[in-house]
Amino acid sequence: FFFSSRRRHTRSLCDWSSDVCSSDLAYRRLDPEKVDQKKFRDAVFIHKIFEDLEFMHDTQELLNYVSKLDNIRIEILTSLGTFDSHQGNEAKSQKLFWLNKYNIPYKANFVRSKEEKSKYANDRAILVDDSVGCVKPFLANGGHAILHKNATDTIQELHDLIRSEEHTSELQSHSDLVCRLLLEKK
């Protein structure tokens, strides 16, 4: 999710594919004999993997919390997992379908790879993501990050970070919060 505060201009991004749903779990269930590139292409084009994902067990708890953050704009940040424009457009279409299906009203921001998420980092940005491969580059680019493991811990860390921001000037003018959400395949 991406959050932007009117008061403090806080900006927050959550990744769709692992904090809200478990695309990784659904992906692992597909043909284990195929090489990853072919397997992912089939997952997108044949299995429409991103349309049938379910919420992770504690996703609603996290969504409820972030929806109540005062003066914070929330958006989604998610990777398409490919540099192929045709495959990327299909993945994007499926992810937008899923967001609409579950009435998630937040704007979606798409990048081609995990590494590109770090382009959203700045000294007033917070990333919540379950992937160390996203968190480390984000931190290296000057952002703040929370490694998501479960909603309860993420909410507490987010609460503490936002509260500490209120008492410092570092994140007063513009902050970004990025969260990666997990879904499970039915």
Side-chain angles (χ1 to χ4, degrees), residues 1-5 8-28 36 40 50 53 55-67 69 72-83 88 91-92 95 98-99 104 106-166 168 170-184:
F1 290 100
F2 173 78
F3 308 96
S4 184
S5 166
R8 294 183 319 263
H9 304 289
T10 300
R11 183 176 170 189
S12 172
L13 296 156
C14 288
D15 181 73
W16 170 89
S17 63
S18 66
D19 297 342
V20 173
C21 65
S22 180
S23 57
D24 293 338
L25 178 61
Y27 182 69
R28 285 192 304 262
D36 280 347
F40 184 69
F50 299 120
L53 298 173
F55 278 124
M56 290 299 284
H57 72 281
D58 62 356
T59 295
Q60 197 59 54
E61 181 183 359
L62 182 57
L63 287 172
N64 289 342
Y65 176 79
V66 298
S67 71
L69 293 173
I72 306 266
R73 183 180 71 212
I74 302 169
E75 294 181 24
I76 301 288
L77 176 64
T78 185
S79 171
L80 298 172
T82 183
F83 287 87
K92 180 179 180 178
K95 288 182 176 194
W98 186 91
L99 290 168
I104 297 177
Y106 308 123
K107 176 187 174 201
N109 300 280
F110 296 92
V111 294
R112 296 173 297 174
S113 67
K114 286 180 167 186
E115 296 78 19
E116 287 185 1
K117 289 181 181 184
S118 67
K119 293 180 180 180
Y120 285 82
N122 63 60
D123 65 344
R124 296 167 304 246
I126 306 166
L127 168 69
V128 176
D129 200 302
D130 76 324
S131 171
V132 173
C134 294
V135 168
K136 283 187 176 183
F138 202 87
L139 290 168
N141 279 354
H144 302 270
I146 297 170
L147 182 61
H148 176 77
K149 294 181 180 143
N150 62 66
T152 302
D153 291 345
T154 295
I155 289 167
Q156 184 61 56
E157 289 183 56
L158 185 55
H159 172 78
D160 293 347
L161 187 55
I162 290 171
R163 192 172 68 205
S164 73
E165 290 173 22
E166 292 172 350
T168 65
E170 182 181 73
L171 300 176
Q172 292 294 314
S173 64
H174 187 79
S175 296
D176 299 328
L177 173 62
V178 186
C179 300
R180 181 174 167 147
L181 300 179
L182 304 172
L183 301 171
E184 290 184 54

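The structure displayed is predicted, hence computed values, not measured ones. Residue numbers count from 1 along this sequence.
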Spatial distance of atom [atom1] ([X]) from atom [atom2] ([Y]) [nearest 0.5 Å]:
{"X": "Asn150", "Y": "His57", "atom1": "CG", "atom2": "NE2", "value": "7.0 Å"}
{"X": "Lys92", "Y": "Thr78", "atom1": "NZ", "atom2": "OG1", "value": "11.5 Å"}
{"X": "Phe138", "Y": "Ile146", "atom1": "CZ", "atom2": "CD1", "value": "10.5 Å"}
{"X": "Gln156", "Y": "Tyr65", "atom1": "CD", "atom2": "OH", "value": "8.0 Å"}

**OP:** Report yes if the side chains of Asp129 and Lys114 come closer than 4.5 Å at any heavy-atom pair, otherwise no.
**Re:** no
Subject >> Student check: side-chain heavy atoms of Trp98 and Leu53 closer than 4.5 Å >> reply: yes
Subject >> His148 and its side-chain hydrogen bond (donor to acceptor under 3.5 Å, both in side chains) partner, picked from Asp153, Asp130, Thr154 >> reply: Thr154
Original post:
Which one of Ile155, Asp160, Ile162 satisfies the side chain to side chain contact (heavy atoms under 4.5 Å, CB included) criterion with Leu158?
Top reply: Ile162
So, for [X] and [Y], which heavy atoms are closest and what is the spacing to 0.1 Å?
{"X": "Cys134", "Y": "Leu127", "value": "O-CD2, 3.5 Å"}
{"X": "Gly143", "Y": "Leu139", "value": "O-CD2, 3.5 Å"}
{"X": "Lys119", "Y": "Asn141", "value": "N-ND2, 4.4 Å"}
{"X": "Phe40", "Y": "Leu80", "value": "CZ-O, 3.5 Å"}
{"X": "Ala145", "Y": "Val135", "value": "CB-CG1, 3.5 Å"}

**OP:** Determine, stepwise, if the pair Lys107 / Asn109 fulfils side chain to side chain contact (heavy atoms under 4.5 Å, CB included).
**Re:** CA-CA 7 Å; Lys107 176 187 174 201; Asn109 300 280; 3.5 Å; yes
Original post:
Okay, side chain of Lys95, backbone of Ser79: is any donor-acceptor separation there less than 3.5 Å?
Top reply: yes
Subject >> Any donor-acceptor pair under 3.5 Å from Asp58 side chain to Glu61 backbone >> reply: no
**OP:** List the steps and the verdict of side chain to side chain contact (heavy atoms under 4.5 Å, CB included) for His144 and Leu161.
**Re:** CA-CA 9 Å; His144 302 270; Leu161 187 55; 4.2 Å; yes
